[in-house]
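When a ligand or atom number is given, it counts from 1 through the structure's own listing order. Because the structure is a prediction, the values reported are computed rather than measured.
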Amino acid sequence: MRPIYLDAHATTPVDERVLEAMLPYFSDKFGNAASKTHSFGWVAESAVEQAREAVATLIGAGVREIVFTSGATESDNLAIRGVAEAYAGEGNHVVTTAIEHHAVLDPCRHLTRLGFEVTVVPVPENGVVDPERVREAITDRTILVSVMLANNEVGTIQPVEAIGAITRERGVLFHTDAAQAIGRLPIDVERMNIDLLSLSAHKIYGPKGVGALYVRLKDPRVRLVAQMDGGGHERGFRSGTANVPGIVGLGEACEILSADGVAESDRIGELRDRLYDRLVANVSNLWLNGDREHRLPGNLNVSFAGVRSDALIGALKEVAVSSGSACTSASLEPSYVLRAMGLDEERATGSIRFGIGRFTTEDEIDRAADAVAKSVRALRVDSPD
Ligand SMILES: *Cc1c(COP(=O)(O)O)cnc(C)c1O
């Protein structure tokens, strides 16, 4: 039997409606969106523009401010490297946080090899960045602050509105990685003073390999040096023939969230609370990692005293979960996010991340909770302290 899928932070299945919307663009409507001389191109272009509008609407942006990419990793790289290159004459300092995704931390590390300075703001135990620490980190040489909207391991929602107010006041650009947050909480790039925002289709029931970067056009107009040169697609920010079916899928995924995102988040949040309550009722000595209130509705991250996550995941054949981010789940290293939150070795090596999604049912939650409780008790009997 297929395990119960509770790893929605790693990826999500393509929604049937999204797949339906995409299919014609593989075969029948196969045109190149950059072909201006015939209807094949026009049909593809109009689909891409409709998708652009759907993405823009979901985050309160203008249509011309959306640049399609291959996913959030590319969007993060384009934002961070592209801004650094464009503003190198004005400053050489970037501020980020200790709990960012590798798609942000690694380009920042790359910048340090080019002579930039990077300040990594620490986080307290609840995994929520203090905006005042961001303020303190900004200097006269700072050109960019990058703080994620919601964390992919502990689901904590960051105070981006407060951080956006600070960066705007200091005249520093603000980038946020919203791959986990998009559609799950209201996002408004105007109200939040966000200048660049990364998102990905496959985290929101769209296809893998497509995403977008929001790039503010006015007040201020963000300058960006393209990291991919070629035909000058996407306002010159991202050359390469548009992935039309993928972009159509991303657009449809965004439309679904604009219509149903709030109701869906409520339902998913109830399932998450049900899972936690059932775990607490059936297992002793577990810790909730990350803030209780400021977290994504679909996220539950817990550590079980005396139980390593690799042992638990190995024993849990009937539930697909992970210990942290998909990128690092193969290693037995404790989560750097949990370490950054100051959690001790036992808690950081014992974390299990549950990601509840659109297609999770109540019955699956109950069965998963019971399976986890059973495995934890069995592992504790095998190795009593
Ligand atoms: C998944 C994820 C990414 C990477 O997105 P891809 O589209 O897979 O490249 C980046 N940041 C966060 C927070 C994510 O959750």
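For Phe354 against Leu279, the heavy-atom pair with the smallest separation is CE1-CD1, 4.1 Å.
Considering backbone and side-chain N/O of Ala103, none are found under 3.5 Å from N/O of ligand 1. Checked by distance only, ligand 1 and Asn152 stay at 3.5 Å or farther apart across all their nitrogen or oxygen atoms. For a threshold of 3.5 Å applied to N or O pairs, the pair formed by Ser70 and ligand 1 contains no separation below that value. Considering backbone and side-chain atoms alike, His9 places every N or O at 3.5 Å or more from each N or O of ligand 1.
Of the listed residues (Leu275, Leu286, Leu288), just one forms a side-chain contact (heavy atoms from CB on, under 4.5 Å) with Val280, and that residue is Leu286. Tested against Arg52 for a salt bridge (Lys or Arg N to Asp or Glu O under 4.0 Å), the candidates Glu255, Glu45, Glu65, Glu234 yield a single pass: Glu234. Each of Val67, Leu224, Ile80 was compared with Leu196 under the side-chain contact (heavy atoms from CB on, under 4.5 Å) criterion, and only Leu224 meets it.
Counted by atom type alone, Ser146 and Asp177 present zero donor-acceptor pairs between their side chains at under 3.5 Å. If you check the side chains of Gln227 and Glu74, you find no donor sitting under 3.5 Å from an acceptor. For the residue pair Asp229 / Ser239, no side-chain donor-acceptor distance below 3.5 Å is found, with atom types taken as modelled.
Less than 4.0 angstrom separates some heavy atom of Ser200 from each of these atoms of ligand 1: 6 (P), 7 (O). In the vicinity of His202, heavy-atom distances shorter than 4.0 Å reach the ligand 1 atoms 6 (P), 7 (O), 8 (O). Applying the 4.0 Å criterion to heavy atoms of Gly71 picks out, from ligand 1, the atoms 7 (O).
Residue contacts with ligand 1, taken as heavy atom pairs separated by less than 4.0 Å, involve Asp177 solely via side-chain atoms from C-beta onward. Residue contacts with ligand 1, taken as heavy atom pairs separated by less than 4.0 Å, involve Lys203 solely via side-chain atoms from C-beta onward. The proximity of Ala179 to ligand 1, defined as any non-hydrogen pair under 4.0 Å, is limited to the side chain.
Under the 4.5 Å side-chain heavy-atom criterion for Ile, Leu, Val, Met, Phe, Trp and Tyr, Val376 and Leu6 are members of the same hydrophobic cluster.
Nearest protein neighbour of atom 5 (O) of ligand 1, counting heavy atoms only, is Ala72 CB, 3.2 Å. Among all protein heavy atoms, the one lying closest to atom 9 (O) of ligand 1 is Thr73 OG1, 2.6 Å.
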